[in-house]
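Have a look at the structure below, then the notes.
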Amino acid sequence: MKRAYFFGIFMVLALALTTTTAFAESDKNAAIKGQEITATGQITCTFCKLSHPDKVCAKGCCERCIKAGDPPLLTTADGDQYILLTGEHEVPLMSPERYAMLDGTVQVKGVLIQGQGVQAIYVESMEKR
């Protein structure tokens with residue numbers, strides 16, 4: 001009796017884990033829906049740009065902030081701001097090559113997502129201008 005009971009519990013847990021894993025995998029590969037966009041501007045850390053918008057944040061400061069988890073922010077010449085996100089689940093956006101772009105003008109191509117007062121770009125490509 002106890003074996004059957006424990007076997008039943010094991011099967012329920014195994015099924016739940018399999019379903020959760022399958023859902024997580026399908027969620028990782030879900031297509032991002034939105035408008036294609038190309039935007040040009042400067043990348044900074046969100047914290048510094050929003051806390052002191054009139055000051056120029058040093059490249060090293062922004063790099064440390066982003067490495068600590070602050071999302072990168074693209075600010076265009078018109079003042080539009082976009083949080084930059086990776087288009088892949090659990091894959092970091094910034095790489096050593098992209099950190100080198102923090103001190104100049106950058107062109108970002110990706111998918112624009114807007115809602116609830118926030119706008120973000122799921123980045124497909126990024127290049128220094």
Side-chain angles (χ1 to χ4, degrees):
M1 174 89 171
K2 285 185 180 181
R3 271 191 197 171
Y5 177 75
F6 288 115
F7 181 73
I9 290 176
F10 174 75
M11 291 304 290
V12 168
L13 290 174
L15 179 60
L17 181 60
T18 303
T19 304
T20 303
T21 304
F23 176 74
E25 287 301 316
S26 68
D27 189 44
K28 283 183 185 182
N29 300 323
I32 298 168
K33 295 181 175 112
Q35 171 189 346
E36 290 288 325
I37 186 174
T38 299
T40 303
Q42 291 190 308
I43 298 175
T44 61
C45 54
T46 303
F47 178 84
C48 291
K49 186 65 177 177
L50 296 180
S51 64
H52 48 81
D54 298 331
K55 293 183 182 178
V56 176
C57 189
K59 177 184 174 185
C61 175
C62 287
E63 186 171 341
R64 286 189 303 276
C65 287
I66 292 169
K67 285 182 177 179
D70 194 13
L73 183 75
L74 178 73
T75 303
T76 66
D78 296 334
D80 292 330
Q81 295 179 328
Y82 304 93
I83 295 172
L84 300 179
L85 303 169
T86 181
E88 298 179 56
H89 189 73
E90 298 178 358
V91 175
L93 173 67
M94 299 303 282
S95 63
E97 296 81 22
R98 287 182 170 173
Y99 280 116
M101 298 181 195
L102 289 174
D103 61 350
T105 302
V106 177
Q107 183 180 64
V108 174
K109 293 181 182 182
V111 178
L112 174 65
I113 304 296
Q114 295 176 306
Q116 304 296 322
V118 175
Q119 56 185 11
I121 299 173
Y122 283 98
V123 177
E124 294 171 358
S125 70
M126 185 186 302
E127 61 183 50
K128 198 162 188 164
R129 289 290 175 182

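Keep in mind that what you see is a predicted model, and the values were worked out from it rather than measured. Position 1 is the first residue of the sequence, and the numbers go up from there. All heavy atoms count here, side chains included; hydrogens, waters and symmetry mates do not.
The CD atom of Gln42 lies 9.5 Å from the SG atom of Cys62; values are rounded to the nearest 0.5 Å. Note that OG1 of Thr44 is 6.0 Å distant from NZ of Lys49, once rounded to the nearest 0.5 Å. Atom-to-atom distance recorded for Ile113:CD1 and Ile121:CD1 is 10.0 Å, nearest 0.5 angstrom.
In the hydrophobic cluster analysis, where Ile, Leu, Val, Met, Phe, Trp and Tyr join through side-chain heavy atoms closer than 4.5 angstrom, Val91 is grouped apart from Leu93. Tracing side-chain contacts under 4.5 Å through hydrophobic residues (I, L, V, M, F, W, Y), one reaches Ile37 starting from Met126; they form part of the same cluster. The hydrophobic cluster containing Phe47 does not contain Ile66, counting ILVMFWY residues as joined when their side-chain heavy atoms lie under 4.5 angstrom apart, directly or transitively. Val111 and Ile83 fall within a single hydrophobic cluster, where Ile, Leu, Val, Met, Phe, Trp and Tyr are joined by side-chain heavy atoms under 4.5 Å apart, directly or via other members. Cluster membership for Met101 and Leu73, using ILVMFWY side-chain heavy atoms within less than 4.5 angstrom, is not shared.
The two residues Ile43 and Pro72 have their closest heavy-atom pair at CG2-CB, 3.8 Å. Closest heavy-atom contact between Cys45 and Asp70: CB-OD2, 3.2 Å. In this structure, Tyr82 and Thr76 approach most closely via the heavy-atom pair CE1-CG2, 3.9 Å. In terms of heavy atoms, Ala39 sits closest to Leu74 at CB-CD2, 3.7 Å. Across all their heavy atoms, Glu124 and Arg98 have their closest contact at O-NH2, 4.5 Å.
Contact annotation: the side chain of Tyr122 never approaches that of Thr86 to less than 4.5 Å [non-hydrogen atoms, C-beta and beyond].
Judged purely by atom type and a 3.5 angstrom limit, Thr46 uses its side chain to pair as donor or acceptor with the backbone of Pro71. Judged by distance alone, the side chain of Asp103 and the main-chain N or O of Lys59 form no donor-acceptor pair under 3.5 Å. Judged by distance alone, with hydrogens and angles left aside, the side-chain atoms of Gln119 form a donor-acceptor pair with the main-chain N or O of Gln81 at under 3.5 Å.
Glu97 and Ser95 share a side-chain donor-acceptor pair at under 3.5 Å.
Surrounding NZ of Lys109 are at most 12 heavy atoms belonging to other residues, nucleotides or ligands under 6.0 Å away. Counted within 6.0 Å of OH on Tyr99, heavy atoms from surrounding residues, nucleotides or ligands total more than 12; the atom is thus considered enclosed.
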Taking it one step at a time, do Glu127 and Val108 satisfy side-chain contact (heavy atoms from CB on, under 4.5 Å)? CA-CA 7 Å; Glu127 61 183 50; Val108 174; over 6 Å; no

